[in-house]
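All ligand and atom numbering here is 1-based and tracks the order in the structure.
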Amino acid sequence: MCSNCGARRDWMVICDRSTIRIRCRCAHEWVEPELSRADYEAMIDAGGRDHPSLEAAAQAMGYDGALAGTYFTDPRPS
Ligand SMILES: [Zn+2]
């Protein structure tokens with residue numbers, strides 16, 4: 001759960017070498033020690049996107065704080 005805005009989902013997962021960080025839509029970010037790079041790669045394989053830079057990803061995906069508190073329904077095709 002995000003300690004800043006209380007969101008419980010719709011986070012962006014960031015892999016910084018071997019450290020996994022979570023970024024909320026309010027732009028709050030924290031380290032998630034229970035996740036490993038293998039978990040991250042599994043998420044990417046499962047339909048996530050990998051981006052060359054954190055800022056590009058944050059802006060492209062709407063995690064720069066502009067959408068704080070906003071939830072989207074998952075458009076994943078069936
Ligand atoms: Zn938040």
Enquirer: Give the minimum heavy-atom separation between Trp30 and Cys24, together with the two atoms involved.
Expert: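 Where Trp30 meets Cys24 most closely, the heavy atoms are CZ3-CB, 4.0 Å.
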Enquirer: Would you give the length of the straight line joining atom OG1 of Thr19 to atom CD of Glu32, rounded to the nearest 0.5 angstrom?
Expert: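 Going from the OG1 atom of Thr19 to the CD atom of Glu32 covers 11.5 Å.
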Enquirer: Run through the protein N/O/S atoms less than 2.8 Å from the Zn ion (ligand 1) and write them out by chain and number.
Expert: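 Only Cys2 SG, Cys5 SG, Cys24 SG, Cys26 SG fall inside 2.8 Å of the Zn ion (ligand 1).
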Enquirer: For Asn4, check side chain to side chain donor-acceptor pair (under 3.5 Å) against everything at least two apart and list the hits.
Expert: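 Per chain and number, Asn4 pairs via side chain to side chain donor-acceptor pair (under 3.5 Å) with no residue.
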Enquirer: Closest heavy-atom contact between Asp39 and Glu34?
Expert: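 In this case the closest contact between Asp39 and Glu34 is OD2-O, 4.0 Å.
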Enquirer: Can you see which heavy atom on Tyr40 is nearest to which on Ile20, and at what distance?
Expert: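 Here Tyr40 and Ile20 meet closest at CB-CD1, 3.5 Å.
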Enquirer: Should His28 and Cys5 count as side-chain neighbours, where that means a heavy-atom distance under 4.5 Å?
Expert: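 No, every pair of side-chain atoms sits at 4.5 Å or beyond.
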